[in-house]
2 protein chains.
Amino acid sequence: MKTMKISEAVVRRLPVYLRFLNELSKKNVQTVSSQDLGQKLDLNPAQIRKDLAYFGEFGKKGIGYDVDYLIEKIRQILKLDKIIPVALVGAGNLGRALCNYNAYLKDNMKIIAVFDSHGSKIGDTINNLKVKPTGEMKAIIQEQKVRIGIITVPAAEAQHVANQFVEAGVEAILNFAPMIIKVPAEVRVHHADFTTELQSLAYYLD
Amino acid sequence: MKTMKISEAVVRRLPVYLRFLNELSKKNVQTVSSQDLGQKLDLNPAQIRKDLAYFGEFGKKGIGYDVDYLIEKIRQILKLDKIIPVALVGAGNLGRALCNYNAYLKDNMKIIAVFDSHGSKIGDTINNLKVKPTGEMKAIIQEQKVRIGIITVPAAEAQHVANQFVEAGVEAILNFAPMIIKVPAEVRVHHADFTTELQSLAYYLD
DNA sequence: TAGATTGTTAATCGATTAACAATC
DNA sequence: TAGATTGTTAATCGATTAACAATC
């Protein structure tokens, strides 16, 4: 099963499971069934079992899933069992907001460098990180083995930043700019676009 | 066709079309084909034609789509042809960042009120908006006919804010807190969760 | 007219859900 | 043992893509 291709929909649900399991763990809940999970997360229990079964047999028939064991397994699947260094470009309001999530990301992902191309921002300190000029991006990314890049610059600069990330060897990009960026197929891009999100929400108004 | 139920996937693509069409319009491009659109947006042309055809016959055979006409139509479909008042709760970094997008949202959606429950934030001015105490939420939301609510408070407070939104009569919620919130079925909720986004991205690292 | 491109039907593909034997 | 719940197969459902007649 290890070689089977996993659908994007499945991968997107794993972090949702993980978050809820973490809450259960904090409350010292030992065991959870797909039934329970489905109820809380508004998902079909069969779907949850199937999602997990792609990666192994994590449950016990008649019992359910051990919460802490399942957390460990999902963290492994998502590669969150070791620190992933992240860099962010664009020290505007959104960039600052995301840097301050650093604490929230716990021990797995860490924004370890922040860049901006505008002199006025360079040298600022955000959450203990000094904003550096984009000219230093490549060197720092390679030196610190940054694997994920976050783009929070204006739309017009997004593609340029993406190019720099790719050249520096970043493996995946989370793009907050309202602009589709083109990268080589081996680099994974996710879009997190606040405006499209809001606009599609408007559709559902009466 | 007006009564047919449109899938969520279709609705999520419409704002993406809209954004690209706006760029074309700015460049004075008059006409675009599904071929062109598909190329730029990494989508199948047949899918684009089908998406649009759910709502009417907007194109001309042999020619393509008139850019400005299509913009107008998509704006109507998404109900962006009139101003939609939006309120935001949580004047932290993320909330501030989103308020500053106000300009970007052009004339269709407008964050017209910002609330926070912490005394230290109340009275601050963000992008010409004064942060008000959450106690005033209901009155202001009803008075100003706010239709969409944005939640940018910590996870622990998200459900409480959602309840207040629902009670005040908000029709849809965009939730940035990393927490699933429960609302009555008639209220639409979208989750825009930065951490799950980043975590699913990690899966694709080698 | 010839070339291009839509709108739409039919075919394909993939994801979700139901059902149930296995088993704790 | 009886009850509960998994892992997995089969059935269903829905979304994407291909193909093409209509027509600008």
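Note that the coordinates shown come from a computational prediction; the quantities given were computed from them, not determined experimentally. Convention: sequence-line order gives letters A, B, ...; per-chain numbering from 1.
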All salt bridge (Lys or Arg N to Asp or Glu O under 4.0 Å) counterparts of B:Lys121, not counting sequence neighbours
B:Asp116
With pairs defined as Watson-Crick or G-U wobble and both distances under 3.5 angstrom, please note down DNA chain C as a dot-bracket string, | for pairing with another strand.
..||||||||||||||||||||||
Gap between atoms CZ and C1', on A:Phe55 and D:dT8 respectively (whole Å)
16 Å
Residues 141-155 of chain A vs side chain to side chain donor-acceptor pair (under 3.5 Å), sequence neighbours excluded, gives A:Arg147-A:Glu171
To the nearest angstrom, how far is A:Tyr54 atom OH from D:dT8 atom P?
11 Å
Please report, rounded to the nearest Å, how far the C1' atom of D:dT6 is from the CG atom of A:Leu52.
11 Å
What residues in residues 33-50 of chain A put a non-hydrogen atom under 4.0 Å from any atom of DNA chain C?
A:Asn44, A:Ala46, A:Gln47, A:Arg49, A:Lys50
How many whole angstroms separate atom CD of B:Glu57 from atom C1' of D:dC24?
13 Å
If the condition is salt bridge (Lys or Arg N to Asp or Glu O under 4.0 Å), which residues does A:Lys138 pass it with, not counting sequence neighbours?
A:Glu167
Near DNA chain D, counting only heavy atoms under 4.0 Å, which residues of residues 63-71 of chain A show up?
A:Ile63, A:Gly64, A:Tyr65
Sequence neighbours excluded, every pair satisfying salt bridge (charged side-chain N to carboxylate O under 4.0 Å, His left out) that has a member inside residues 20-34 of chain A
none
Can you sort out the partners of A:Asp42 under salt bridge (Lys or Arg N to Asp or Glu O under 4.0 Å), two or more places apart, ordered by chain and number?
B:Lys182
Distance check: side-chain N/O of B:Arg13 vs OP1/OP2 of D:dT16, anything under 4.0 Å?
yes
side-chain contact (heavy atoms from CB on, under 4.5 Å) partners of B:Lys60, counting only residues at least two apart
B:Ile63
Short N/O separations, protein against nucleotides 21-23 of chain D, under 3.5 angstrom:
none

If I take atom NZ in residue B:Lys5 and atom P in nucleotide D:dG14, what distance separates them, rounded to the nearest angstrom?
7 Å
Pairing residues for A:Arg49 by the salt bridge (Lys or Arg N to Asp or Glu O under 4.0 Å) criterion, not counting sequence neighbours
none
Under the side-chain hydrogen bond (donor to acceptor under 3.5 Å, both in side chains) rule, collect the residues that match up with A:Asp81, sequence neighbours excluded.
none
